[in-house]
2 protein chains.
Amino acid sequence: MSTPSVSPIDLARLRRSCADCSLAQLCLPAGIDRGDLGRLDELVKKRRPVARGDRLYRAGDPLGAVFVASEGSFKTVVVSESGEEHVLGFHLPGELFGLDAVGTGRHRCEAVALEDARVCELPFASLAQVAGQLPSLQRQLLRVMGQSADRDHDLVEVLSRRQACERIALFLQGLSDRYRRIGQPGEEFSLPMSREEIGRHLGLALETVSRGFSRLHEDGIIEVRGRRVRILDPQALRAQTQGCEADMARARARGGRA
Amino acid sequence: MSTPSVSPIDLARLRRSCADCSLAQLCLPAGIDRGDLGRLDELVKKRRPVARGDRLYRAGDPLGAVFVASEGSFKTVVVSESGEEHVLGFHLPGELFGLDAVGTGRHRCEAVALEDARVCELPFASLAQVAGQLPSLQRQLLRVMGQSADRDHDLVEVLSRRQACERIALFLQGLSDRYRRIGQPGEEFSLPMSREEIGRHLGLALETVSRGFSRLHEDGIIEVRGRRVRILDPQALRAQTQGCEADMARARARGGRA
DNA sequence: CGTCGACTTGACTAAAATCAAACCCGGTGG
DNA sequence: CCACCGGGTTTGATTTTAGTCAAGTCGACG
């Protein structure tokens, strides 16, 4: 599954419909019956290609559409007045983003492709309108917004950890779960983002991120080579998530419990 | 219970309707015409009293209702497996909370009254159902969910600040704005939460919070006595928000530097 | 007036930021 | 094929910052 060598056949299939999309169950269409899906299908601009570094929207832009990464990953970032940027989130295929404008009508952050990618684009106004007519879509839209809030929520949980290694472990854990959800191996994946971006996401210096990775490596919990990551001991990773004391506790308990 | 002296007249007025509520413009009814408001009115359990420390819901509870603080403040907290708690947010009168269950159908955090308070309670299922019939309510519901996400967003921004004093300044700034929005003076207010709770919100030790307040006090930016806060120099507070270098820059710009 | 809890302050310690230097690897061009 | 970039990454030494532990202080309330 390298970057798309887009044959005409592929192209045709790509534009087909949400119903045929491999991500459908993770995306907005989940739980919407095939009949109603047609309505949704009509409004989606499907699988538009986006080059690495391209911005889908900028802070201040009026709410136009929400997006689903269909191939490749994105980041959403806020740039503070002082110029430094914080990465609010990373968005893997099947994940919806761009909802940050729903509150005020204007985007608060900008969305950037981390690699050459594709997005599906849904004009928000039409989406909301159709949702008013299709209860199943409304339900799903609310759920998706909720899930998006849950992800922010997760980030808060990460950032509230004091120890750098906890944040990093939690970050890897989260990525692993999310990769697994989209049908890719959760134990081995390659990071679409740089150490610096991870740092800007976790509120850590990039060196600290690197050291964290190295530390987890030394401890035999993960294997890292550049952006390639393999999780060797998921349980231990989870333990790191709970802080080092918890880690100790686990080590102690190792004799007694499975 | 024994909160404010509730005369029969008050009681009658309190139960009246959303249309008459002083918070209506901040709350769900905003932008909904009077006719439709009746529909909403029917489902709201209005101004139920809640004692300090009471929980409106716990983590794991199924999504039943969303809440609006109508009097007094609340906090939402997540308790990690290791027992420590993090305060996700504080909720002032007119602010809606409890949406954290929309994504999964179960609450991820618990909501606790910080003081004797009152809440309006909206059964979520009915709300969603009525929203399907009233486009204006649907729009408003989406907007309110978006605003709630924006607040999470703000918290992320706070937590991503490295300097403790930046976090604290941003926190006070935010509170000030929010108090102003609900028609209370933004320059002088009293904190409904303890230093410890602020710490658990900002990811800081309570001592650090206290020191931060003291520092801002010394610098003549705020006045603090216990939970009473007055903002003396809003501009300087804003500067603190941007980090100490920005602060320095401002000091220099003041005309004359040592 | 004494007690208790919340808050402040101080001294010390642990952790991460910063500064600075190597290192590794994919790509380029000789 | 190999030398040589250059970005991203790792690692080391030092400094800064916030956490921790431990006294005190303040203030509300019985």
Side-chain angles (χ1 to χ4, degrees), chain A residues 2-3 52-53 75 82 84 86-87 114-115 158-172 190-219 222-229 240 243-245 247-248, chain B residues 2 52-53 75 82 84 86-87 114-116 158-172 190-219 222-229 240 243-245 247-248:
Chain A
S2 54
T3 333
R52 174 195 155 96
K75 66 175 177 182
S82 45
E84 61 198 58
H86 184 252
V87 177
L114 290 172
E115 49 201 326
V158 169
L159 287 172
S160 71
R161 304 288 165 147
R162 321 211 136 149
Q163 306 285 344
C165 69
E166 291 182 53
R167 294 191 193 181
I168 291 165
L170 225 33
F171 172 69
L172 286 174
S190 79
L191 303 167
M193 73 296 278
S194 69
R195 299 288 188 269
E196 179 162 22
E197 286 166 325
I198 297 173
R200 290 186 194 284
H201 182 54
L202 301 182
L204 299 171
L206 67 91
E207 294 96 327
T208 308
V209 174
S210 181
R211 273 186 252 269
F213 280 164
S214 301
R215 169 101 188 279
L216 290 172
H217 193 165
E218 284 165 30
D219 294 354
I222 66 173
E223 206 162 68
V224 235
R225 279 183 62 76
R227 297 197 176 181
R228 198 81 212 154
V229 173
Q240 285 287 334
C244 299
E245 310 106 65
D247 182 40
M248 296 305 174
Chain B
S2 64
R52 174 194 155 98
K75 64 175 177 182
S82 45
E84 62 198 58
H86 184 251
V87 177
L114 290 172
E115 48 202 326
D116 291 342
V158 169
L159 287 173
S160 72
R161 304 289 165 147
R162 322 208 137 151
Q163 306 283 347
C165 69
E166 290 182 53
R167 294 192 192 181
I168 292 164
L170 225 32
F171 172 70
L172 286 175
S190 79
L191 303 166
M193 74 295 279
S194 69
R195 297 289 187 269
E196 178 162 23
E197 286 165 324
I198 296 173
R200 289 186 195 284
H201 182 54
L202 302 183
L204 298 171
L206 70 91
E207 293 97 327
T208 306
V209 175
S210 181
R211 273 186 253 268
F213 280 164
S214 300
R215 169 103 188 281
L216 290 171
H217 193 164
E218 283 166 29
D219 293 354
I222 64 173
E223 206 162 69
V224 235
R225 278 182 62 79
R227 299 200 175 180
R228 199 81 210 153
V229 173
Q240 286 286 333
C244 298
E245 310 108 62
D247 183 40
M248 295 306 175

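Note that these values count all heavy atoms, side chains included, but never hydrogens, waters or copies made by symmetry. Throughout, protein chains are lettered first and strands after them, A, B, ... in sequence-line order, and every chain is numbered starting at 1.
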Checklist entry - How close or far is atom C1' of D/dA22 from atom CG of B/Leu206, stated in whole angstroms? => result 13 Å
Checklist outcome for this item: Rounding to 0.5 Å, atoms CD (B/Gln240) and CD (B/Glu166) come to a distance of 8.5 Å
Next on the checklist: Rounded to whole Å, how long is the line connecting atom CD of A/Glu207 with atom C1' of D/dA13?
Outcome noted: 13 Å
Item to check | Sugar-phosphate, base or nothing in reach of A/Arg211, heavy atoms under 4.0 Å | outcome: base
Checklist entry - Within this structure, what is the CE-to-P distance between A/Met193 and D/dT9, rounded to whole angstrom? => result 11 Å
Next on the checklist: Please report the distance, rounded to the nearest Å, between CZ in A/Arg215 and P in D/dG12.
Outcome noted: 14 Å
Checklist entry - With sugar-phosphate meaning primed atoms plus P, OP1 and OP2, does B/Leu204 contact a base, only sugar-phosphate, or nothing at under 4.0 Å between heavy atoms? => result sugar-phosphate
Checklist outcome for this item: Checking C/dA17, D/dT9, C/dA11 against the side chain of A/Ser210 (C-beta onward), the nearest is D/dT9
Next on the checklist: Once you apply a heavy-atom cut-off of 4.0 Å, does B/Gly203 come out as touching a base, just sugar-phosphate, or nothing?
Outcome noted: sugar-phosphate
Next on the checklist: To the nearest 0.5 Å, what is the distance between CG on A/Leu191 and CG on A/Leu172?
Outcome noted: 7.0 Å
Checklist outcome for this item: note: A/Arg200, atom CZ; D/dG8, atom P; distance rounded to Å ~ 12 Å
Next on the checklist: For the CZ atom of A/Arg167 and the OG atom of A/Ser160, what is their distance to the nearest 0.5 Å?
Outcome noted: 8.0 Å
Next on the checklist: It should be established whether A/Gln163 places a side-chain nitrogen or oxygen under 4.0 Å from OP1 or OP2 of nucleotide C/dA16.
Outcome noted: yes
Checklist entry - Going by modelled atom types, is there a donor-acceptor pair between the base of C/dT9 and the side chain of B/Arg195 at under 3.5 Å? => result no
Item to check | Euclidean distance, atom CD1 of residue B/Ile168 to atom P of D/dA18 [Å, nearest integer] | outcome: 9 Å
Checklist entry - Can a salt bridge be assigned to the pair A/Arg211 and A/Glu207 using a cut-off of 4.0 Å between side-chain N and carboxylate O? => result no
Checklist outcome for this item: Heavy-atom nearest nucleotide on DNA chain D taken for A/Gly226 and for A/Arg162; more 5' hit belongs to A/Gly226
Item to check | Rounded distance (Å) that lies between atom C1' of D/dG7 and atom CZ of A/Arg52 | outcome: 11 Å
Checklist entry - Between the side chain of A/Ser214 and the main-chain N/O of A/Ser210, is any donor-acceptor distance below 3.5 Å? => result yes
Next on the checklist: For a quick test of reading the model: is some side-chain N or O of B/Arg225 closer than 4.0 Å to OP1 or OP2 of D/dG27?
Outcome noted: yes
Item to check | Nearest listed nucleotide, side chain of A/Ser214, among C/dA16, D/dT10, D/dT9 | outcome: D/dT10
Next on the checklist: Base of C/dT8, side chain of B/Arg227 - is there a donor-acceptor contact under 3.5 Å?
Outcome noted: no
Checklist outcome for this item: From CZ of A/Arg161 across to C1' of D/dG19 the rounded distance in Å is 17 Å
Next on the checklist: I want to check one thing: is the phosphate of D/dA18, taken as OP1 and OP2, less than 4.0 Å away from some side-chain N or O of B/Thr208?
Outcome noted: no
